[in-house]
Amino acid sequence: MALLAALTLAACGRTERPASPRGYAPIIGPSARETAQCLADLRMLGVDYQPLPDRQFGPGCAILGTVKLLDVGVPTTNLGAVRCGEARSYAAWARNAVGPAAYQILGSELARIDSMGSYSCRNVAGTARRSGHSIANAIDVGAFVLRDGRRITVLNDWNSPDPNVRQFLRVIHQSACRRFGTVLSPDYNTAHRDHLHLEDDRASFCR
């Protein structure tokens with residue numbers, strides 16, 4: 001009984017994350033040091049954000065080291081929890097790539113980016129593998145709204161008859177590939193026919 005009590009007390013002081021259920025890899029989040037540096041980077045960029053508490057959900061799903069983006073300089077709809085590194089890459093892409101490309105190629109300032117969400121506890125389509133969305137490490141972007149009223153959508157305009165619109169989407173796609181690990185477009189498969197998938201996973205996979 002004494003041994004059992006000692007083991008119970010020792011377990012209460014453990015700080016490692018609980019093991020993941022069978023079938024899903026353990027969730028490894030950013031270290032406290034990495035997150036602290038990332039938050040400092042966001043402040044340096046002038047990004048307004050709210051840190052979110054770590055939470056674990058279903059098998060293979062958690063938000064660890066995440067923020068709620070409040071203002072990156074370009075309004076973005078439908079964003080929930082985003083892992084800090086993903087938020088940093090997204091803010092730089094939206095401000096330094098999408099905004100300038102809209103003005104230079106389409107002749108109008110960027111008014112808003114419409115996302116299709118960030119965190120979602122789900123698998124990669126057609127697989128048993130968890131999506132980057134299940135750890136809030138991916139953002140799906142579906143459309144770009146310009147100050148002149150135009151709304152450029154990935155679904156309808158990826159192969160637009162307007163060469164400037166096609167160029168705009170290709171330019172921001174290639175720019176995303178330099179900032180994110182995995183970037184998927186309609187050229188990858190039909191599951192991405194209506195959005196750009198932007199994931200900060202260091203995979204160097206651009207399609």
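All figures in this text were calculated on a predicted structure; none of them were measured in a lab.
- The cationic atom of R178 (NZ for Lys, CZ for Arg) does not lie both less than 6.0 Å from the six-membered ring centre of W93 and within 45° of the ring axis.
- R122 has a carboxylate O that lies under 4.0 Å from a charged side-chain N of D140, or vice versa, which qualifies the two as a salt bridge.
- Ionic pairing of D200 and R202 is not present here: no N-O contact between side-chain nitrogen and carboxylate oxygen is shorter than 4.0 angstrom.
- In this structure, the side chain of S108 engages the main chain of D148 through a donor-acceptor pair within 3.5 Å.
- We find that R166 and D157 are not joined by a salt bridge, their nearest charged nitrogen and carboxylate oxygen being 4.0 Å or further apart.
- Note: F205 and Y188 meet the aromatic proximity criterion, with ring centroids under 6.0 Å apart.
- Aromatic ring centres of F168 and F144: separated by under 6.0 Å.
- With hydrogens and angles disregarded, no donor-acceptor distance shorter than 3.5 Å links the side chain of K68 to the backbone of V82.
- Separating the CG atom in N137 from the OG atom in S89 is a distance of 9.0 Å, to the nearest 0.5 Å.
- A salt bridge does not link R207 to D187: none of the charged nitrogens lies less than 4.0 Å from a carboxylate oxygen.
- The aromatic ring centroids of W158 and H195 lie 6.0 Å or more from each other.
- The backbone N or O of S115 sits less than 3.5 Å from a side-chain atom of N78, completing a donor-acceptor pair.
- For the residue pair R43/Y49, the side-chain donor-acceptor check at 3.5 Å is satisfied.
- Donor-acceptor pairing under 3.5 Å is recorded for the side chains of T77 and D114.
- A 4.5 Å side-chain heavy-atom check between I152 and L106 finds at least one atom pair inside the cut-off.
- Between the side chain of N189 and the main chain of H192, a donor-acceptor pair closer than 3.5 Å is present.
- Both tests do not hold together for R55 against F57: distance to the six-membered ring centre under 6.0 Å, angle to the ring axis within 45°.
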